[in-house]
A.B. asks: 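One structure follows; several queries about it will come next.
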Amino acid sequence: MGGRVVTITSGKGGVGKTTATANLGISLASLGKSVVVIDADIGLRNLDVIMGLENRIVYDLVDIVEGRAKLRQAMIKHKKFDQLYLIPAAQTRDKMAVSPEQMVKLTDELREEFDFVLIDSPAGIERGFRNALEPADDVLIVTNPEVSAVRDADRIIGLIEAAEKGPGRLVINRIKPAMVEKGEMLSADDVFDILSLEIIGIIPEDEFVLSASNKGVPVSQNENSRAGMAFSNVARRIVGEDVPFLDLEDNPGFFKRLLRFLDGR
């Protein structure tokens, strides 16, 4: 059986989708899995920066599909993990340069060699999203616990189901339990009630995330980061482990109630 293609998407930009992709790639590689991550956001590539590989790009995704580069020529090996590779997006082309059929052909080839193929989908619902969705075995929808992000995620969920790629699973990013307790932010319970999808990850707001992204070292490599630990736990759930959700320190009572809710579903 070939590897699994996991598409990471969102309804709107800025929710942390690319950060999630980079950290899940690192975390799966840390578990001994062979992984290739594809930046499908043609024209606006960022995954290479977060992974610290921007200075090593020679060829990109469009070069592969247009025949200017072989697959192995465009794949960039991670500095720390021998089984982790990046296929970067083209920065000077538009999303029409790649078709859904070409993405399926590419990922079918990668399935033969890798345990996981992670696709960082562009935000929105246009061609880039369809490119990322078409080859997917699993879809993770990243959202923030705010009304506009959840509303956009709901629309994406409808498109995923219409394409018969669902149900997806939710990663709730940048949650602040103190704000939730004050009624200033949606809780994970609220998000679940609205979207009715399995929650595979709850990622806390974490000051380490920004500095890690700027340094090109995903936060999952920082053992002191709560967000990094949460991303690592998502990766463990992806491979089938039964991992409890973090009991975040700033409001343990809230998260104990949340864990009881999730366990009781």
Side-chain angles (χ1 to χ4, degrees), residues 1-10 15-38 47 50-51 78 80-86 110-111 113-121 136-145 166-175 177 188-189 191-192 195 197-206 208-209 212-213 217-249 252 255-256 258-265:
M1 183 177 179
R4 290 167 60 191
V5 177
V6 181
T7 293
I8 297 94
T9 189
S10 65
V15 299
K17 169 181 52 58
T18 298
T19 296
T21 304
N23 280 284
L24 291 177
I26 290 285
S27 297
L28 287 166
S30 298
L31 294 172
K33 303 299 181 182
S34 57
V35 185
V36 57
V37 295
I38 303 174
L47 188 55
I50 294 177
M51 296 182 72
H78 194 272
K80 183 175 180 180
F81 298 97
D82 288 340
Q83 295 194 95
L84 175 61
Y85 291 82
L86 166 70
L110 292 168
R111 288 177 194 272
E113 188 173 349
F114 292 91
D115 297 318
F116 288 95
V117 180
L118 305 186
I119 302 178
D120 182 19
S121 168
D137 299 313
D138 303 294
V139 183
L140 304 186
I141 302 105
V142 181
T143 188
N144 294 153
R169 291 185 284 182
L170 290 173
V171 176
I172 303 174
N173 193 32
R174 302 188 65 179
I175 197 162
D189 191 340
V191 176
F192 173 79
L195 299 179
L197 278 188
E198 176 189 353
I199 298 172
I200 193 173
I202 301 170
I203 316 298
E205 182 70 56
D206 188 331
F208 287 116
V209 173
S213 296
V217 182
V219 74
S220 57
Q221 294 185 265
N222 183 341
E223 62 183 15
N224 296 315
S225 168
R226 301 287 284 170
M229 187 182 302
F231 279 123
S232 296
N233 286 345
V234 174
R236 291 171 62 192
R237 295 183 191 108
I238 288 173
V239 301
E241 293 186 35
D242 185 10
V243 184
F245 286 80
L246 292 180
D247 189 2
L248 301 189
E249 294 175 354
F255 271 84
K256 285 178 181 176
L258 175 62
L259 294 178
R260 285 199 298 269
F261 165 75
L262 293 171
D263 289 343
R265 285 194 287 110

A.B. asks: Could you report the tightest heavy-atom contact between Val142 and Ala20, atom names first, then the distance?
C.D. replies: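 Between these two residues, the closest heavy atoms are CG2-CB, 4.1 Å.
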A.B. asks: So which heavy atom on Ser27 is nearest to which on Ser220, and how close?
C.D. replies: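 That would be OG-CB, 3.5 Å.
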A.B. asks: Compare every heavy atom of Met51 with every heavy atom of Ala22, then report the nearest pair and how far apart it is.
C.D. replies: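 That closest heavy-atom pairing would be CB-CG, 3.8 Å.
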A.B. asks: Step through the shown structure and confirm whether more than 12 heavy atoms of other residues, nucleotides or ligands are within 6.0 Å of CD on Glu241.
C.D. replies: yes
A.B. asks: Taking atom CD1 of Ile119 and atom OG1 of Thr7, what is their separation to the nearest 0.5 Å?
C.D. replies: 4.0 Å
A.B. asks: For the side chain of Thr21 and the backbone of Lys17, is there at least one donor-acceptor N/O pair under 3.5 Å apart?
C.D. replies: yes
A.B. asks: Please confirm whether the backbone N or O of Val219 pairs with a side-chain atom of Asn23, one donor and one acceptor, at under 3.5 Å?
C.D. replies: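 Judged by distance alone, yes, a pair lies under 3.5 Å.
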A.B. asks: Got a second to check how far Ile203's CD1 is from Phe245's CZ, nearest 0.5 Å?
C.D. replies: 9.0 Å
A.B. asks: What are the two closest non-hydrogen atoms of Ala188 and Ile199, and how far apart are they?
C.D. replies: O-CD1, 3.8 Å
A.B. asks: Using a 3.5 Å distance criterion without hydrogens, assess whether the side chain of Asn144 forms a donor-acceptor pair with backbone atoms of Asn173.
C.D. replies: yes
A.B. asks: How long is the span from the CD atom in Gln221 to the CD1 atom in Ile26, to the nearest 0.5 Å?
C.D. replies: 4.5 Å
A.B. asks: Sub-3.5 Å donor-acceptor pair from the side chain of Arg237 to the main-chain atoms of Pro244, do we have one?
C.D. replies: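 At least one qualifying donor-acceptor pair exists.
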A.B. asks: With a 4.5 Å cut-off on side-chain heavy atoms, are Val209 and Arg174 touching?
C.D. replies: no
A.B. asks: With a 4.5 Å cut-off on side-chain heavy atoms, are Phe116 and Val239 touching?
C.D. replies: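 They are in contact (side-chain heavy atoms under 4.5 Å apart), so the answer is yes.
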A.B. asks: Partners of Ser10 by side chain to side chain donor-acceptor pair (under 3.5 Å), sequence neighbours excluded?
C.D. replies: none
A.B. asks: Looking only at non-hydrogen atoms, find the nearest pair between Met229 and Leu246 and report the distance.
C.D. replies: SD-CD2, 3.4 Å
A.B. asks: Please find the pair of heavy atoms, one from Pro218 and one from Ala212, that lie closest to each other, and give the distance.
C.D. replies: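 Distance-wise, the nearest heavy atoms are C-CB, 4.2 Å.
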A.B. asks: Taking Arg226's backbone N and O only, do any of them form a donor-acceptor pair with Asp206's side chain (distance below 3.5 Å, no angle check)?
C.D. replies: yes
A.B. asks: Report yes if some heavy atom in the side chain of Leu140 is under 4.5 Å from a heavy atom in the side chain of Ile238; otherwise report no.
C.D. replies: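 Yes, side chains in contact.
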A.B. asks: Hey, are the side chains of Thr19 and Ile50 touching, using non-hydrogen atoms and a 4.5 Å cut-off?
C.D. replies: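 A side-chain contact under 4.5 Å exists here.
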A.B. asks: In a check of side-chain contact (heavy atoms from CB on, under 4.5 Å) between Leu47 and each of Ile38, Asp120, Leu118, which one passes?
C.D. replies: Asp120
A.B. asks: Taking C-beta and beyond as the side chain, do Asp115 and Leu28 meet within less than 4.5 Å on heavy atoms?
C.D. replies: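 No, side chains not in contact.
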A.B. asks: Less than 4.5 Å apart, any side-chain heavy atom of Leu86 and any of His78?
C.D. replies: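 With C-beta onward as the side chain, the pair stays apart.
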A.B. asks: Just how far is it from atom CD1 of Ile200 to atom CZ of Arg236, taken to the nearest 0.5 Å?
C.D. replies: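 The CD1 atom of Ile200 sits 12.5 Å away from the CZ atom of Arg236.
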A.B. asks: Hey, are the side chains of Val37 and Leu24 touching, using non-hydrogen atoms and a 4.5 Å cut-off?
C.D. replies: no
